[in-house]
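See below for the structure under consideration.
When a ligand or atom number is given, it counts from 1 through the structure's own listing order.
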Amino acid sequence: MKKRYNILNAAILVLSLIVFLLVSVNIVATINQRNMEGEIKNYLSITEEIYDGTNMEDVADKIHKANSKLRITFISSDGKVLYDTSTVSEDNHLKRDEILSLGKVFHRYSKTTNEKMFYVATYLDSYSLYIRVSMPEESITDISNSLITYGSIAIILIGIVSIFVMWLISKLSVKPLKSEISKLSDIVGGKTLYNGSDIERLSYEIDRTRDLIENKIDDIEQEKKKVDYILENINHGLIIIDGKGKIIIANKIALTIFNNLSINDSYNSIFDENIVDAISKCMVEESSFSIEYENYVINISSLNTAFVKTAISYGVSMFLYDVTDIKRLEKMKLDFFANASHELKSPLTTIIGYQQLIQNGILVEKEEIADATIKTVKEASRMNQIISEMLELAKLESDKKEDKNVLSISHVTDEILLSYNILLENKNITLVKDYNDFDVSIASNDLYHLIRNLIDNAVKYNKANGKIKITISDNTFVIEDTGIGISKEDQERIFERFYRVDKARSKENGGTGLGLSIVKHICINNNIKIEVSSALNEGTCFKLTF
Ligand code: ADP
């Protein structure tokens with residue numbers, strides 16, 4: 001391929017030179033012809049001038065001596081050659097072109113001299129004769145021939161030199177080309193198997209490289225999509241600051257938290273003073289800080305990664321964690337302990353009080369001591385109940401799972417109801433049962449606690465002469481009472497620990513405020529839906545869907 005290019009280039013060059021040479025020869029020949037025509041006409045004028053009608057031989061010889069190539073012919077008015085510096089021709093010359101058209105130069109082959117000649121003639125009236133001057137074309141041909149000869153030699157030499165120079169240039173230019181090809185091969189991977197010329201191989205390698213780059217761009221785009229997806233879907237805010245202090249990455253959550261933030265902003269124009277201080281420290285030395293900001297904890301750390309750091313500063317990453325739930329849980333825990341302590345403190349105070357009265361001999365009468373003992377035992381039982389229910393709640397909140405049993409819901413309900421016979425009788429509560437039994441797969445402890453708490457409340461918060469209706473069907477357990485009811489606002493809170501609508505009433509009935517919390521946990525743990533509907537003073541309905 002390379003050789004072909006060189007030959008083609010050289011051929012074009014040589015062809016151009018040949019055309020140039022031919023055009024030059026033609027131009028030179030034309031110019032020479034014109035010069036010769038002028039010259040021959042000059043000689044004719046000189047001859048005409050110096051001829052005085054006497055000695056034509058002398059005149060002709062003088063001119064001939066001045067230019068040996070010239071031929072001077074004197075012709076009589078009837079066409080006969082009177083004198084000729086060359087061979088005298090016997091032919092009549094009146095019909096010759098130069099005689100017929102005087103003063104005009106003609107160019108033709110001469111039989112007399114056997115060569116191509118230029119002719120021009122004039123007529124001298126005073127001597128009644130023609131003078132003709134002729135000159136061989138040879139001088140023009142000579143110039144043209146030598147021009148062609150030397151030109152051709154020059155062209156051949158130029159052709160050879162140019163082929164050599166082109167070969168040398170292509171050789172030198174191919175060297176870096178070859179190294180580029182092997183570099184491309186290295187990038188694409190492995191040696192090329194393509195067996196063409198260097199240029200063809202280069203184009204082949206460029207194609208391979210382009211394919212590789214396209215694939216790499218696809219890969220990078222895919223990776224970028226993944227990173228963007230992760231950044232946008234992590235539950236935390238993320239901000240990256242480069243070593244120049246510019247925010248270069250901020251995900252959606254970060255932008256929501258700091259709504260005045262834009263990419264490329266400088267960090268010190270965005271954040272609070274303490275955050276700015278921490279970032280500044282992380283930029284100068286590898287360190288990390290944890291700062292609270294509203295409902296977030298921000299972890300600020302130095303980033304010693306090439307794409308963010310500069311020669312003098314580190315980049316910085318900021319992770320923003322939402323701690324609203326943690327704070328709420330902490331508050332819940334604190335509330336729980338406060339409530340638990342409070343709930344336990346009042347029976348304990350009562351117990352201690354009665355015991356001190358007995359100990360200090362203040363209560364001495366048998367009846368008084370018996371009454372104090374009954375009250376002490378009641379308060380102790382209450383404490384015991386609170387502690388058992390707290391333990392039950394703690395158990396439900398732990399991951400410890402009890403074995404499940406398949407239990408008949410109506411059987412469990414009836415068994416629990418047995419222990420409420422006296423209470424129902426005392427309050428004169430009518431019990432209505434509508435059972436269409438189904439089995440439930442659940443830890444038996446959980447099911448007993450669940451049903452017992454709901455029945456207990458329906459009895460506790462019912463009115464005298466009231467009614468309780470229990471309906472079991474279609475995977476639902478519904479318990480309705482005609483009790484005191486729960487207001488809309490309280491319905492939202494009754495599942496909270498220790499929450500009681502009427503504390504005194506609940507306490508009187510032996511309530512702890514933990515029953516419905518236990519119910520809620522059992523429902524969550526066993527995927528049971530619980531719904532409550534109630535109207536004040538009309539009654540309450542709890543519905544469980546298993
Ligand atoms: P307690 O031990 O006080 O009964 P629970 O957690 O079982 O605690 O119930 C929380 C509160 O919800 C009760 O104190 C009571 O005010 C209200 N409540 C629960 N069930 C009923 C019901 N069937 N009728 C009216 N109020 C109820």
Side-chain angles (χ1 to χ4, degrees), residues 332 335-336 338-340 342-347 378-379 381-397 413 416-417 419-420 423-424 426-433 445-471 476-525 528-544:
M332 262 175 72
D335 286 351
F336 177 75
N339 284 329
H342 178 75
E343 292 298 326
L344 290 171
K345 204 180 162 199
S346 40
K378 196 181 164 199
E379 291 303 315
S381 315
R382 184 171 160 67
M383 277 178 79
N384 188 36
Q385 200 189 337
I386 293 172
I387 290 167
S388 329
E389 288 189 355
M390 275 166 64
L391 286 173
E392 181 62 29
L393 254 181
K395 204 165 87 187
L396 286 167
E397 281 180 348
T413 309
I416 296 166
L417 280 172
S419 56
Y420 281 91
L423 266 177
L424 289 170
N426 286 349
K427 269 189 153 180
N428 195 27
I429 293 171
T430 317
L431 182 68
V432 180
K433 298 197 261 182
N445 204 25
D446 281 358
L447 190 61
Y448 276 92
H449 264 108
L450 185 60
I451 305 291
R452 184 183 295 280
N453 274 321
L454 293 179
I455 291 175
D456 196 60
N457 285 345
V459 177
K460 270 195 306 194
Y461 302 108
N462 216 323
K463 294 171 189 162
N465 309 317
K467 197 173 112 181
I468 293 176
K469 187 181 177 194
I470 299 176
T471 313
T476 58
F477 171 94
V478 181
I479 180 164
E480 296 161 85
D481 63 60
T482 54
I484 56 168
I486 312 162
S487 71
K488 258 267 156 296
E489 308 83 72
D490 287 321
Q491 281 172 39
E492 283 163 23
R493 302 199 59 191
I494 51 174
F495 294 99
E496 288 174 21
R497 293 159 192 197
F498 295 111
Y499 186 80
R500 282 160 293 186
V501 177
D502 182 344
K503 244 182 177 166
R505 189 182 195 131
S506 158
K507 202 172 165 185
E508 199 183 288
N509 288 316
T512 59
L514 291 172
L516 286 182
S517 295
I518 294 173
V519 165
K520 191 184 91 179
H521 266 91
I522 295 172
C523 288
I524 291 170
N525 290 357
I528 301 164
K529 185 178 168 197
I530 182 162
E531 292 160 277
V532 57
S533 54
S534 183
L536 268 180
N537 289 321
E538 282 179 24
T540 305
C541 171
F542 283 94
K543 182 180 175 188
L544 304 176

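- Contact atoms of ligand 1 toward Val501: 14 (O), 16 (O) (distance under 4.0 Å to a heavy atom of the residue).
- For ligand 1, the atoms sitting less than 4.0 Å from at least one non-hydrogen atom of Gly511 are 1 (P), 2 (O), 3 (O), numbered in the order shown with element in parentheses.
- Ligand 1 is approached by Gly513 to a heavy-atom distance shorter than 4.0 Å.
- For ligand 1, the polar-atom distance check finds no N/O of Gly485 at less than 3.5 Å from any of the ligand's N/O atoms.
- Considering backbone and side-chain N/O atoms, Phe542 never comes within less than 3.5 Å of an N/O atom of ligand 1.
- Given atom 4 (O) of ligand 1, the protein heavy atom at minimum distance is Tyr461 OH, 2.8 Å.
- Leu516 N, 2.7 Å is the protein heavy atom nearest to atom 6 (O) of ligand 1.
- Side-chain contact annotation: Tyr420 with Asp456, donor-acceptor N/O pair under 3.5 Å present.
- Residue-ligand proximity: Lys503 is placed with every non-hydrogen atom at 4.0 Å or more from ligand 1.
- With 3.5 Å as the limit, one finds no donor-acceptor pair spanning the side chains of Asp481 and Asn462.
- In this model, a donor atom of one side chain and an acceptor atom of the other lie less than 3.5 Å apart for Tyr499 and Asp490.
- Side-chain contact between His449 and Ile522 is present, with heavy atoms from C-beta onward closer than 4.5 Å.
- Listed for the Lys467 side chain is no donor-acceptor partner under 3.5 Å among the backbone atoms of Gly483.
- In terms of protein heavy atoms, atom 26 (N) of ligand 1 is closest to Ile486 CG1, 3.3 Å.
- Protein heavy atom nearest atom 3 (O) of ligand 1, with residue, atom name and distance: Ser506 OG, 2.6 Å.
- Here the heavy atom of the protein found nearest to atom 7 (O) of ligand 1 is Asn457 ND2, 2.9 Å.
- In this structure the side chain of Ile470 never reaches within 4.5 angstrom of the side chain of Val478, judged on heavy atoms.
- Side-chain N/O atoms of Glu389 and Thr512 include a donor and acceptor closer than 3.5 Å.
- For ligand 1, the polar-atom distance check finds an N/O of Thr512 within less than 3.5 Å of one of the ligand's N/O atoms.
- Residue Lys460 approaches ligand 1 through these ligand atoms, each under 4.0 Å from one of its heavy atoms: 1 (P), 2 (O), 4 (O).
- Of all the atoms in ligand 1, the ones that sit under 4.0 Å from a non-hydrogen atom of Tyr499 are 10 (C), 11 (C).
- For the pair Ile484 and ligand 1, the shortest N or O to N or O distance does not fall below 3.5 Å.
- Between Glu343 and Arg382 there is a salt bridge, since a side-chain N of the basic residue sits under 4.0 Å from a carboxylate O of the acidic one.
- Side-chain contact check for Cys523 versus Leu450: some heavy-atom pair is nearer than 4.5 Å.
- Taking every non-hydrogen atom of Gly515 and a distance limit under 4.0 Å, the qualifying atoms of ligand 1 come out as 5 (P), 6 (O), 7 (O).
- The shortest N/O to N/O separation between Asp481 and ligand 1 falls below 3.5 Å.
- Side-chain contact between Phe477 and Thr471: absent, with no pair of heavy atoms (C-beta onward) separated by less than 4.5 Å.
- Using a 4.5 Å heavy-atom cutoff, the side chains of Ile455 and Thr413 are in contact.
- At the shortest separation from atom 17 (C) of ligand 1 among protein heavy atoms lies Ile494 CG2, 3.9 Å.
- By the 4.0 Å heavy-atom criterion, Asn453 is excluded from the residues contacting ligand 1.
- Atom numbering of ligand 1 starts at 1 in the shown order; those under 4.0 Å from a heavy atom of Arg500 are 3 (O), 14 (O).
- Side-chain contact between Glu392 and Asn445 is present, with at least one heavy-atom pair separated by less than 4.5 Å.
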